[in-house]
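To start, the structure under review is shown below, and the notes come after it.
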Amino acid sequence: MKRTKVKAALSATQPKEDIQINGWVRTKREGKGFAFVEINDGSCLMNIQAVVDEGLPGWEDMPRVGTGAAVSIDGDLVESLGKGQKWEVRAKALRLIGEADQETYPLQKKRHSDEFLRSIAHLRPRTNKFGAMFRIRSEAAFAVHQFFRDQDYRYVHSPIITGSDCEGAGEMFRVTTHDPSLAGAQSYDQDFFGKEAALTVSGQLTAEIFATSLGDVYTFGPTFRAENSNTPRHAAEFWMIEPEMSFCDIHGNMDLAEQFLKSLVRHLRKHCAEDMELFAQWVDKTLTQTLDSIENDAFVRLPYTEAIEILLKNAKTKKGADRFEFPVEWGIDLQTEHERYLTEQHFKKPVIVYDYPKGIKAFYMRQNDDGKTVAAMDVLVPRVGEIIGGSQREERLDVLQARIRELGLPEEEYWWYLDLRRFGSVPHSGFGMGFERLLMLVTGVTNIRDVIPCPRTPRHLEF
RNA sequence: UCCCCAGUAGCUCAAUUGGCAGAGCGGGUGACUGUUAAUCACUAGGUUCGCGGUUCAAGUCCGUGCUGGGGAGCCA
């Protein structure tokens, strides 16, 4: 008999004889002579209820059919006699596929804390919340590809292992085949690649290669940062999306970032409505409002200099106390408290801050004519903070070389990056978006460890 | 890495001034002819995170380590 997925069974328009449901038992309710078994197979949020009468094949296993057990049920899909569900399965036969000992199975049919579920990350996708999360994650990845494909962007596989220490986005994990337990110095030229190697911290430089050949491109892959960050917003391994567009300035870049976020939110609300609703109802009561704002409100475009003016003007609360712990002045990098004030309190919607002082931004960002700022931009959203960071890239060879020298960076390491400016250089722009931060934004989940299957953070490499 | 808070039954938590370690849920057993986090009855279940100290007496106070959470920095 061919298997029917729960999602298909529940969306039936008419009864159907002889179907097979395979899945895991969420809960069992027994009466005299019969039992209700609710089964979930991960295809959707809802369970399907099976009615199992005493005496049918497999009934002798019922005592061992408990929460967590894997079962296969043959039966007829019929309209439910009870309230609370339209369809149910009237079982004809039951098979216990995989038992789950009730004394030791950690998941109970009740709410568990996120912290506890994190300690059993191998079982947490079997809960409603994490099942919904990982279905949304899957759909979100698809939506990313669809968005770019619809606009004729090409998907570039940037390398995971890099020999370039000029990616310049943070501490790197070293990649080696050397045995650290061996004594004595082991030089890099005897290592696998014959030079120092590391896991990528950004696909941007590779994306620039392809932006200046295929035109509009994006990368979407794992990214690694060996920062000792202990926050709910950072992971050592995360997924990042990095579009890069030729013939595009900072304003086109901001336009794309805004369209991109709006499109993803719209897609997920349409295609994951049931799973999204779980988060709106149980995780974040303001989620609907937040998502409405992202979808419908124009994002604020705010030059850094004006952002500083707003912050200075509002440095005192109505009661006259200092609003900010860190004093505001032109030239500082915006603190988390400043970003949150702008997006959560002052504008109450997404804000794109751009044209930052060049002293606080990366060497490759395009210098503006004022001589003080660069064409960088950060997209700030309520609760998550910085979800996107990007810039127009410096395409002028002499200006880029001067900046590299000014900062004392090893110019020879950047030979191929400079070649892109040497031969047919064009204005181009791009940004990076943390995929997990997108998921936090659209679900209201406040800890990055709860939006990724197996979170990697300092001193945590379980699962 | 820095600052703050917490750690008690499988889970979520309570325990007065330092004075007999408890509840709900979950588990087990039984009852119940349509349940919906089923209900009802009975029942088992503890190195109070580890180590050291103060005290007649420590879940409670002190020191230290570990683990978890929050905030900051770094950023996506």
Side-chain angles (χ1 to χ4, degrees), chain A residues 26-38 46-54 63 66-68 78-85 88 90 100-120 127-128 168-171 201-204 219-242 257 324-326 333-340 360-362 378-381 384-390 431-441 446-452 457-460 462:
Chain A
R26 283 297 177 79
T27 175
K28 176 179 72 170
R29 294 179 289 274
E30 286 179 293
K32 190 180 178 68
F34 65 95
F36 297 102
V37 181
E38 281 197 41
M46 301 301 294
N47 310 322
I48 196 162
Q49 170 170 291
V51 188
V52 185
D53 287 323
E54 186 169 1
T67 303
V78 299
E79 286 197 52
S80 178
L81 299 175
K83 294 193 170 91
Q85 62 280 316
E88 66 187 14
R90 162 90 32 200
D101 175 30
Q102 298 301 289
E103 297 270 2
T104 51
Y105 184 61
L107 289 177
Q108 304 170 357
K109 46 185 173 187
K110 62 167 211 167
R111 230 190 84 81
H112 286 296
S113 67
D114 290 340
E115 291 80 7
F116 171 68
L117 291 172
R118 238 169 262 157
S119 72
I120 49 167
T127 65
N128 286 341
E171 292 295 312
V201 294
S202 165
Q204 181 196 319
T219 71
F220 182 9
T223 308
F224 308 88
R225 307 251 170 111
E227 304 287 352
N228 190 9
S229 292
N230 288 287
T231 85
R233 298 185 305 281
H234 292 86
E237 176 183 288
F238 62 101
W239 285 61
M240 187 156 64
I241 299 142
E242 295 176 286
F324 304 119
E325 186 187 344
F326 296 91
D333 204 355
L334 296 183
Q335 302 288 319
T336 298
E337 59 172 351
H338 303 140
E339 295 179 343
R340 293 188 63 152
I360 58 173
K361 290 291 180 182
D378 287 345
V379 180
L380 313 176
V381 292
V384 174
E386 186 182 337
I387 192 170
I388 285 175
F431 61 79
M433 183 180 82
F435 187 54
E436 285 73 21
R437 289 192 182 172
L438 169 78
L439 293 169
M440 293 169 73
L441 176 67
T446 54
N447 197 312
I448 198 169
R449 299 173 185 93
D450 298 330
V451 303
I452 192 167
T457 53
R459 297 198 315 283
H460 292 92
E462 198 70 65

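Order of the sequence lines sets the chain letters (A, B, ...), proteins ahead of strands, with each chain counted from 1. Computed from heavy atoms alone, side chains included, the values below leave out hydrogens, waters and symmetry copies.
- The base of rA37(B) lies outside donor-acceptor range of the side chain of Arg111(A), with no N or O pair under 3.5 Å.
- Ring geometry for Phe116(A) against His112(A) counts as tilted: the plane angle lies between 30° and 60°, on a 0 to 90° scale.
- By the ring pair (Phe, Tyr, Trp, His ring centres under 6.0 Å) test, His234(A) pairs with no residue at all, sequence neighbours left out.
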Given protein heavy atoms under 4.0 Å, the one-letter contact record of nucleotides 45-51 of chain B, with B base, S sugar-phosphate only and - none, is simply -------

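- We find that the ring of Phe238(A) and the base of rA76(B) stack, their centres lying under 5.5 angstrom apart and their planes tilted less than 30°.
- For the ring pair (Phe, Tyr, Trp, His ring centres under 6.0 Å) test, residues two or more places apart in sequence or in another chain that qualify with Phe435(A) are Phe220(A).
- At a cut-off of 3.5 angstrom, the base of rG26(B) holds no donor-acceptor pair with the side chain of Thr67(A).
- Glu103(A) places its CD atom 9 Å from the C1' atom of rA44(B), with the value rounded to the nearest Å.
- Remark: the Arg29(A) side chain and the rC32(B) base include no donor-acceptor N/O pair separated by less than 3.5 Å.
- Remark: Phe324(A) engages His338(A), Tyr341(A) in a ring pair (Phe, Tyr, Trp, His ring centres under 6.0 Å) (not counting sequence neighbours).
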Tabulate protein N/O versus nucleotide N/O from nucleotides 66-73 of chain B, keeping only pairs under 3.5 Å, one per line.
residue, atom, partner, partner atom, Å
rG68(B), OP1, His460(A), NE2, 2.0
rG68(B), OP2, His460(A), NE2, 3.4
rG69(B), OP1, Arg118(A), NH1, 2.3
rG70(B), OP1, Asn447(A), ND2, 3.4
rA72(B), N6, Asn230(A), O, 3.4
rG73(B), OP1, Gln335(A), OE1, 2.3
rG73(B), OP2, Thr336(A), OG1, 2.9
rG73(B), N2, Asn228(A), O, 3.2

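- Ser80(A) is linked by a side-chain hydrogen bond (donor to acceptor under 3.5 Å, both in side chains) to Gln85(A), Glu88(A), counting only residues two or more places apart in sequence or in another chain.
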